[in-house]
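Okay, so here's the structure we're looking at.
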Amino acid sequence: MNLESLLHWIYVAGMTIGALHFWSLSRNPRGVPQYEYLVAMFIPIWSGLAYMAMAIDQGKVEAAGQIAHYARYIDWMVTTPLLLLSLSWTAMQFIKKDWTLIGFLMSTQIVVITSGLIADLSERDWVRYLWYICGVCAFLIILWGIWNPLRAKTRTQSSELANLYDKLVTYFTVLWIGYPIVWIIGPSGFGWINQTIDTFLFCLLPFFSKVGFSFLDLHGLRNLNDSRQTTGDRFAENTLQFVENITLFANSRRQQSRRRV
């Protein structure tokens with residue numbers, strides 16, 4: 001077994017543990033709708049299966065002198081819109097769901113993933129980068145959607161929910177920005193990192209953006225609905241507080257720089 005296969009198997013194990021944890025939480029939902037647990041469980045199950053294919057040397061094809069892992073895109077085509085669905089449900093936790101906005105975000109994300117797949121399979125460099133740019137533009141629209149109209153939904157509800165959403169969307173954004181960065185510096189793009197590092201990063205980012213996000217999201221919602229806290233609830237609360245502290249520190253540094261200017 002080579003290192004890349006080992007990394008993929010470790011990822012599969014992480015997804016399995018994540019799915020089992022979300023299933024255990026669903027046994028005592030504490031005010032969080034069961035459909036949110038169902039989506040949280042389905043995401044790591046689907047992602048784990050896609051990565052298992054790569055672990056056994058499937059889901060790959062050679063294109064333009066490099067290996068395109070199309071199993072990743074099969075994973076992302078399903079799981080990333082579902083992550084946006086989960087984030088949207090949190091933003092609209094206590095109000096009627098705006099399915100037009102949710103559908104817009106999810107369908108735009110499919111454009112992002114499709115553009116990335118076509119780019120990865122393109123033989124000519126200029127075509128590859130053209131599709132990459134198309135995907136990045138669609139991704140920027142996603143960021144606008146979650147930081148503007150979706151975030152505005154939380155302001156019509158409780159301050160506690162708005163605060164939770166701000167922490168989640170910051171965590172969400174930082175991790176998702178990593179995807180196009182790793183893609184462009186990896187073998188699919190400029191080739192500044194080798195295939196092994198690329199594989200490691202595309203195991204690390206999805207783990208924290210899928211299991212990590214769903215963990216924080218579900219435990220955060222459970223804390224909103226019930227003051228009784230488990231160890232997982234406290235860990236999620238401390239992690240989200242850390243995210244908020246980093247954000248506040250970054251904002252204060254930015255304000256200090258502006259004053260100097």
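If you're wondering where the values come from, they're calculated on a predicted model, not measured in any experiment. All heavy atoms count here, side chains included; hydrogens, waters and symmetry mates do not.
Between Trp89 and Trp99, the ring planes lie perpendicular to each other; the angle is over 60°, past the 30° to 60° tilted range. Using a 30° and 60° split on the angle between ring planes, Trp76 and Tyr73 fall in the perpendicular class, above 60°.
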Please list every donor-acceptor pair under 3.5 Å in which a side-chain atom of residues 5-13 meets a protein atom from a residue at least two apart or in another chain.
unit_1 : atom_1 : unit_2 : atom_2 : d
Ser5   : OG     : Asn2   : OD1    : 3.0
Ser5   : OG     : Ala55  : O      : 3.4
His8   : ND1    : Glu4   : O      : 3.2
Tyr11  : OH     : Ser47  : OG     : 2.5

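Side-chain contact of Tyr51 with Asp75: a donor-acceptor pair under 3.5 Å is absent, judged by distance alone. No hydrogens or angles considered: a donor-acceptor pair under 3.5 Å links the side chains of Ser209 and Tyr179. A donor-acceptor pair shorter than 3.5 Å cannot be found between the side chains of Glu160 and Asn223. Ser86 and Asp217 share no side-chain donor-acceptor pair at under 3.5 Å.
A donor-acceptor pair is defined here as one N or O able to donate and one able to accept, closer than 3.5 Å; no such pair exists between the side chain of Lys210 and the backbone of Thr79. Checking side-chain atoms of Thr114 against main-chain N and O of Val111 turns up no donor-acceptor pair under 3.5 Å. Gln157 places a side-chain N or O within donor-acceptor distance of the main-chain N or O of Phe94, the cut-off being under 3.5 Å. The closest donor-acceptor contact from the side chain of Arg222 to the backbone of Leu25 lies under 3.5 Å.
Residues Asp120 and Tyr70 are not in side-chain contact: their nearest non-hydrogen atoms beyond the backbone lie 4.5 Å or more apart. Side chains of Leu3 and Phe200 form no contact here, defined as non-hydrogen atoms less than 4.5 Å apart. No side-chain heavy atom of Ile133 sits under 4.5 Å from any side-chain heavy atom of Arg128. Side-chain atoms of Phe213 and Tyr171, non-hydrogen and from C-beta on, do get closer than 4.5 Å to each other. In this structure, the side chains of Ile197 and Asn194 come closer than 4.5 Å at one or more pairs of heavy atoms. Side chains of Leu168 and Leu164 form a contact here, defined as non-hydrogen atoms less than 4.5 Å apart. The closest side-chain heavy-atom distance from Gln241 to Asn238 is not below 4.5 Å. For the pair Lys167 and Glu237, the minimum side-chain heavy-atom distance is 4.5 Å or more.
Few gaps surround CH2 on Trp176; more than 12 heavy atoms of other groups in view lie less than 6.0 Å from it. Atom OH of Tyr35 sits in a crowded spot, with more than 12 heavy atoms from other residues, nucleotides or ligands closer than 6.0 Å. For CZ of Phe190, the number of neighbouring non-hydrogen atoms (other residues, nucleotides, ligands) closer than 6.0 Å is greater than 12. Around atom CZ of Phe208, no more than 12 heavy atoms belonging to other residues, nucleotides or ligands sit under 6.0 Å away.
Residues passing the side chain to side chain contact (heavy atoms under 4.5 Å, CB included) test with Ala71 are Met54, sequence neighbours excluded. For Ser24, the side chain to side chain contact (heavy atoms under 4.5 Å, CB included) criterion is met by His21, not counting sequence neighbours.
Note that the CG atom of Leu84 and the CD1 atom of Ile102 stand 10.0 Å from one another [nearest 0.5 Å]. Atoms NE2 and CG, on His219 and Leu240 in that order, are 10.5 Å from each other to the nearest 0.5 Å. Between the CH2 atom of Trp46 and the CE atom of Met77 there is a distance of 10.5 Å, given to the nearest 0.5 Å. To the nearest 0.5 angstrom, Thr170 atom OG1 is 11.0 Å from Leu175 atom CG. For the atom pair Thr80 OG1 and Ile142 CD1, the distance stands at 8.5 Å (nearest 0.5 Å). Distance CG/Leu105 to CD1/Ile110: 11.5 Å, rounded to 0.5 Å.
Counting only residues at least two apart or in different chains, side-chain hydrogen bond (donor to acceptor under 3.5 Å, both in side chains) contacts with residues 133-148 comprise Trp147-Thr173.
The hydrophobic cluster containing Leu130 also includes Ile118, Trp126, Val127, Trp131, under a criterion of side-chain heavy atoms closer than 4.5 Å among ILVMFWY residues, counted directly or through chains of members. Here Leu20 is tied to no hydrophobic group at all, with no ILVMFWY side chain closer than 4.5 Å.
Under the 4.5 Å side-chain contact rule for hydrophobic residues, Ile177 and Leu205 share a cluster.
Within the 6.0 Å centre-distance limit, the rings of Tyr132 and Trp183 are counted as a close aromatic pair.
Checking Leu218, Leu224, Thr90 one by one against Val32, the side chain to side chain contact (heavy atoms under 4.5 Å, CB included) holds for a single residue, Leu218.
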